[in-house]
Amino acid sequence: MNDVRVRFAPSPTGFFHIGGARTALFNWLYARHTGGTFVLRIEDTDRERNTEEALRVILEGMRWLGMDWDEGPEKGGAYGPYFQSQRAEIYREYLDKLKAVDRVYEKDGAVYFRLEGERYTAYDEYKKCEVEKVRATPQVIDDRIRGRVERAEEQDFVLFRRNGEPVFHFVNVVDDLTMGITHVIRGEDHLSNTSKHCELFKAFGVEPPVFAHIPLILKGSGPGKMSKRDSGSLVEEYQRRRFVPEAVRNYLCLLGWSPKDDREKMEIDEIIRLFDLPAINSNNARFDEKKLSFLNAAYLREMPTERFMKEAWDYLVGERALTERGVDVEAWGEEEQRYFETVMSLCQEKVRSIEDLPDFVAYFFTEDYSFDEKAGKKVLKKGDPKARLTEMRGALEKLDSFAEDELEATVAALAAESGAGTGEYIHPTRLALSGTNVGPSFYGLLRVLGRERVLSRLDRFLSRLSA
RNA sequence: GUCCCCUUCGUCUAGCCCGGUCCAGGACACCAGGUUUUCAUCCUGGCGACAGGGGUUCGAAUCCCCUAGGGGACGCCA
């Protein structure tokens, strides 16, 4: 451990926003890169919400994305408490420090911070009223991402509300100061606030920490930054939709940061090794769900089979995705579980997301699968599907083994005999067996369904064709 | 309105700090072709950008200025 101390300070609102997750991630990466300390601090000053549940959303989201913290909730640490709601005494104490150097005053029951400089009144076009302004010395921020930024605060600001509670700017600075935070990595939306924070740090007689303002994540389409109402903006959503957390994390890393070569899908250890503050971009990034899906599909394909099976089981059985599709999983025994695994290992390379899986595999588990009309039309319009299917059924019936190479040889022999292409056998058969023209490898499909299912489904389909 | 930040393909980005190797590279998406039994994967190719204008320079995506556009802040929200 060296002396780098960074923090993520979410407010438990009940949501874990993807922008917040990315801020947390950059802090976490920087801590891990430098061997420093990652602090999780909860800004729970708003007591009305069910903080228990709201906190859980954040902690679980953090864990889901693979971010562990060195100090904070459930962990403790030497700089606690890590909940703002438990730090009132510290805030009092630091208010006294400002009083001692005569930098605060009361007005309308609230406590204000007093800027130093010449005062004048001016009409404020934004607030639509006369306000008292101050010609304060500009604060110079040496931002690690943006370089030198200069901004002067021009109005005194509130530190404690009339109800006695401290405001964000104050607690944020006091917490960073008392927790020994060395680097503040946060969204660019805080850049303009930084002059306030610098004023406070200096009033306390300390040097401000190093700042690094990271770019914002903009909506996938339309103007403005991503907000919790936008689709795809909540970490919970990706958890619920069973995205691969590594894929989401990898995608988030790429929003504003890159390894400077052409790599994109990367191991987290490698990202940690390469991550650094100056390597972060300064321009905002638009959220691209398509690219996230692409990465998710790539992670899914390359996932160890056992893990894929577990993910699939949790969703299809655990969360009743198959039950909803009419499959009686309650009645499953050991044999069905083995069958499930066989199906999954056949389908892993084909499916793009766990979310797509139920519809992709439902016909393996029920005889009551639906037929895709469009696929049906397309497949049945050429050649003589009924004849091909009849030949197919006859040939399959005689086969003792449903090994893939034997199946393949059988179809090849049929095609050679009739002069029709293999496709004329394959496509209608797939349709008959699965109701669709999309699916896993054909011979794998036959092998996994097995002789009994295949023959009965073919019979059923053939009699439908005759009707 | 004021202040701050930003500006390379539709999107994410490399290149910019240390001007020439960039008629700008990669990825997603899209389109076409190939492989494959379908779909997907995979492979090949295509489409597609230095916001605009001024400088500086022999030479600018790279340095400077202006304009435009985008984003953010301006709460007794965090």
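Here is the naming used below: chain letters follow the sequence lines, and residue numbers restart at 1 for every chain.
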Using a cut-off of 4.0 Å on non-hydrogen atoms, how would the nucleic acid contact of A/Ser441 be classed: base, sugar-phosphate, or nothing? base

Mind checking if A/Leu255 touches a base, just sugar-phosphate, or nothing, with heavy atoms under 4.0 Å? sugar-phosphate

Could you state the CG-C1' distance from A/Asp176 to B/A78, rounded to the nearest angstrom? 13 Å

Under 4.0 Å between a side-chain nitrogen and a carboxylate oxygen: does that hold for A/Glu188 and A/Arg146? yes

Touch check for A/Arg263, heavy atoms < 4.0 angstrom, all strands: base, sugar-phosphate only, or nothing? nothing

Could you tell me whether the side chain of A/Asp143 and the main chain of A/His213 form a donor-acceptor pair under 3.5 Å? yes

Could you check whether A/Gly220 gets within reach of a base, just the sugar-phosphate, or nothing at all, counting any heavy atom under 4.0 Å? nothing

Searching all strands shown, indicate the nucleotide that pairs with B/A32 (Watson-Crick or G-U wobble; both distances under 3.5 Å). B/U44

OP1 or OP2 of B/U11 versus the side-chain N and O atoms of A/Lys219: is any pair under 4.0 Å? no

Salt-bridge present (A/Glu150, A/Arg148; N to O < 4.0 Å): yes

In the structure shown, which nucleotide is the Watson-Crick or G-U wobble counterpart of B/A60, with both distances under 3.5 Å? none

Could you tell me whether the side-chain ring of A/Tyr425 sits stacked on the base of B/U37, using a centroid cut-off under 5.5 Å and a plane angle under 30°? no

Go ahead and name the base partner of B/U38; Watson-Crick or wobble counts if both distances stay under 3.5 Å, otherwise write none. none

What is the nucleic acid contact for A/Lys350, judged by heavy atoms within less than 4.0 Å: base, sugar-phosphate only, or nothing? base

Base, sugar-phosphate, or nothing for A/His213, non-hydrogen atoms under 4.0 angstrom? nothing

Identify the nucleotide, in any strand shown, that forms a Watson-Crick or G-U wobble pair with B/G19, with both distances under 3.5 Å; if there is none, say none. none

Once you apply a heavy-atom cut-off of 4.0 Å, does A/Gly423 come out as touching a base, just sugar-phosphate, or nothing? nothing

Indicate, with a heavy-atom threshold strictly under 4.0 Å, whether A/Asp108 touches base, sugar-phosphate, or nothing. base

Across every strand shown, the nucleotide meeting Watson-Crick or G-U wobble geometry with B/C3 (both distances under 3.5 Å) is B/G72

Just call it for A/Ser258: base, sugar-phosphate, or nothing, with non-hydrogen atoms closer than 4.0 Å on any strand. sugar-phosphate

For A/Glu150, report the nucleic acid contact type (base, sugar-phosphate, nothing); a contact means any heavy atom under 4.0 Å. sugar-phosphate

Between A/Arg263 and A/Glu270, does at least one N-O distance fall below 4.0 Å, as a salt bridge requires? yes

Side chain of A/Ser282 (C-beta onward), nearest among B/A78, B/G72, B/U7: B/U7

Give one of base, sugar-phosphate or nothing for A/Tyr126, where a contact means two heavy atoms less than 4.0 Å apart. base

Which part of the nucleic acid, if any, lies within reach of A/Pro440 when heavy atoms closer than 4.0 Å are counted: base, sugar-phosphate only, or nothing? base

Under 4.0 Å, heavy atoms only, any strand: does A/Arg146 hit a base, just the sugar-phosphate, or nothing? sugar-phosphate

Checking all strands, does A/Gly109 fall into the base, sugar-phosphate, or nothing category for heavy-atom contacts under 4.0 angstrom? nothing

Closest of B/U37, B/C28, B/G1 to the A/Asp288 side chain is B/C28

May I ask you to establish whether A/Arg22 and A/Phe26 are in a cation-pi arrangement, using a distance under 6.0 Å from NZ or CZ to the six-membered ring centre and at most 45° from the ring axis? yes

Any ion pair linking A/Asp108 and A/Arg161 (charged N to carboxylate O, less than 4.0 Å)? no

